[in-house]
Number of protein chains: 2
Amino acid sequence: MNETGLHTFSHPSHEKALALFETGCERGAVISLFGRCRVEYDGRAASTLAAGNRLVVCKPDGAILVHTDEGQKPVNWLPPGCTHHAHVESDELRIESQRSTPDEELLIYFERVDHAVAYDATSASELSMTGTEADLRERILDDPSVIEPGFEPRATERETAAGAVDIYGVDADENAVVLELKRRRVGPDAVSQLNRYVAVLDRELHTGTQVRGILVAPSVTYRAQNLLEKRGLEFVSLSPRFES
Amino acid sequence: MNETGLHTFSHPSHEKALALFETGCERGAVISLFGRCRVEYDGRAASTLAAGNRLVVCKPDGAILVHTDEGQKPVNWLPPGCTHHAHVESDELRIESQRSTPDEELLIYFERVDHAVAYDATSASELSMTGTEADLRERILDDPSVIEPGFEPRATERETAAGAVDIYGVDADENAVVLELKRRRVGPDAVSQLNRYVAVLDRELHTGTQVRGILVAPSVTYRAQNLLEKRGLEFVSLSPRFES
DNA sequence: CACTCTATCTCGGCT
DNA sequence: AGCCGAGGTAGAGTG
């Protein structure tokens, strides 16, 4: 232990690893256990993982992750809000985590702990992100001509019977226009969604002229392209603004 | 280093941590770095994370994760298949990971490494799971009467113009029946999907009688319930079998 | 390789 | 608190 809140053991006995786990949890540290263990999960689904060398990370908010040597996703996990209990039994260090709503349980049985770390990590209070769908909306509202000359936004999140439309406006000839925004390449589902908005607004507005529907995204899939044409909808290629 | 493939340093110099990182990567180990760092991401979106105490995990398949003290999800990450480069610059240990399609980049700058671990983890070859949609299908095929007396499955994954139908069969009166299976509570989208199948099969089969559509899931949302009634579709409550 | 679909999705916003 | 929809979705399966 020292000023940075670090506590480690190499090849600890189960008792020493247990002590590190418990004092670390109390302190609010992130616990990392490297060792050979098997894992059982029971809850929304059920799974069993045969023994192997894993990395188990246990966070003070109650989240627990079991990582193997591959994949970005943990092979087993429980979300934040779980309670952990550890004890030594049958020559194993057993970590048992549970939560309710829904009831689920993760059992991690270490036959051997190779290394144990308790570390005081800090939160991510200052993560800032750009390049989202909100950025795409801002980009259009800042300069509506990126859609087409004369386009004029009238409302965002305009409510319809089919849900809220991203941007509602009019074109140079005062025809109603519905924009559906997607921050990345889109498939046929987005086209269907746009089509529902157009159909609903056609009915709700009952102006003589057809409501125009424009899908705004960086690109579309081949099938989405086909569907757009079949439905008489339009497409404008536009990406979210990336601020640095 | 020892027979379990473990290599650790507490409070290493940047050079020592760099050496551990590079030899560990070559060896195919999982590298864990505990220390104070800032993180920048640029790719599908863009983000900056101010300096703080983090856990950085770097896997031999190219995945890299940055964990804070909270959340199940890493605060920053890159998926498997990335290439990592590490070097010391401006009194920082800099880990720079990149990939293409899409182009993205994760920059992790350690001003201080508190602890470093290289560990030979093993894969999850033997994860077995139950309680999936496949289990639900098996449960129905084992005993079709759980749907209704007289129901008789004729095909699974039967192809239609709207995609593959989960289970296709006939009822006691030889009417065509389409089952759409979901392992958990479903919303209106599943009803729409089922409706497309029924509509398409009505046309493809052009039998005199209406094709029946049954949604099979543990439960449905309120709006899905409404939509089912509006479309003349049916619902059977059934959960996947959990084997232990 | 590109595209599509599912998920023990996770996460956040809203009713 | 539960429900619903989006995601830097991830990961698997398929043409």
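Just so we're on the same page: letters track the sequence lines, and every chain starts at 1.
Atom-to-atom, NZ of Lys182(B) to P of dC9(C) comes out at 12 Å; the value is rounded to the nearest Å. Across the protein-nucleic acid pair, His67(A) atom NE2 and dA10(D) atom C1' stand 13 Å apart, rounded to whole Å. Here the P atom of nucleotide dA2(C) and the CD atom of Gln225(A) are 18 Å apart, to the nearest Å. Computed from coordinates, the Glu104(A) CD to dT10(C) C1' distance equals 12 Å when rounded to whole Å. Between Leu78(A) atom CG and dC11(C) atom P the separation is 12 Å, expressed in whole Å. Atom CG in Asp166(B) sits roughly 15 Å away from atom C1' in dG13(D) (whole-Å rounding). Going from atom CG of Asp61(A) over to atom P of dT10(C) covers 14 Å, rounded to whole Å. Atom CD of Gln72(B) is separated from atom P of dT8(C) by 12 Å (rounded to the nearest Å).
Here Asp120(B) pairs with Arg27(B) in a salt bridge; the nearest charged N to carboxylate O distance falls below 4.0 Å. No salt bridge links Arg94(A) with Glu96(A); every basic N to acidic carboxylate O contact stays at or beyond 4.0 Å.
For the pair Asp61(A) (side chain) and Pro80(A) (backbone), a donor-acceptor distance under 3.5 Å is absent. Judged purely by atom type and a 3.5 angstrom limit, Arg36(A) has no side-chain atom pairing as donor or acceptor with the backbone of Asn53(A). Side chain of Asp202(B) to backbone of Val211(B): a donor-acceptor contact under 3.5 angstrom is found. Side chain of Lys182(B) to main chain of Leu215(B): no donor-acceptor pair is present (N/O by atom type, distance under 3.5 Å, no hydrogens or angles). In terms of modelled atom types and a separation under 3.5 Å, the side chain of Tyr119(A) and the main chain of Gly35(B) share a donor-acceptor contact.
In this structure, Pro79(A) reaches neither bases nor backbone, as no heavy-atom distance under 4.0 Å exists between it and the strands shown. Residue Tyr222(A) is out of contact with every strand shown, counting any heavy-atom pair closer than 4.0 Å.
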Secondary structure of DNA chain C per the Watson-Crick/G-U criterion (both distances under 3.5 Å; [ ] crossing, | other strand, . unpaired) is |||||||.|||||||
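Look at Arg44(B) and you'll find a side-chain N or O under 4.0 angstrom from OP1 or OP2 of dA10(D). Between Thr221(A) and dT4(C) there is a side-chain polar atom (N or O) within less than 4.0 angstrom of OP1 or OP2. Distances shorter than 4.0 Å separate none of the side-chain N or O atoms of Arg184(A) from OP1 or OP2 on dA6(D). Distances shorter than 4.0 Å separate some side-chain N or O of Trp77(A) from OP1 or OP2 on dT10(C).
In this structure, the nucleotide among dC3(C), dT9(D), dT8(C) sitting nearest to the side chain of Arg183(A) is dT9(D). In this structure, of dG8(D), dA10(D), dT8(C), it is dG8(D) that holds the atom nearest to the side chain of Met129(A). Residue Gln193(A) has its side chain nearest to dA6(D) when only dG11(D), dA6(D), dG8(D) are considered. Taking every side-chain heavy atom of Arg185(A) into account, dC3(C) is the closest of dC3(C), dC11(C), dT8(C).
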| task | Check step by step if side-chain contact (heavy atoms from CB on, under 4.5 Å) holds for Ile64(B) and Cys82(B). | result | CA-CA 8 Å; Ile64(B) 185 164; Cys82(B) 306; 5.6 Å; no
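dC4(D) and dG8(D): their P atoms are spaced 22 Å apart (whole Å). Taking atom C1' in both dT14(D) and dT8(C), the straight-line distance is 24 Å, to the nearest Å.
Comparing Leu106(A) and Arg223(A) against DNA chain C, the residue whose closest nucleotide sits nearer the 5' end is Arg223(A). The nearest heavy atom of DNA chain D to Arg99(B) and to Glu133(A) marks one nucleotide each, and the one closer to the 5' end goes with Glu133(A).
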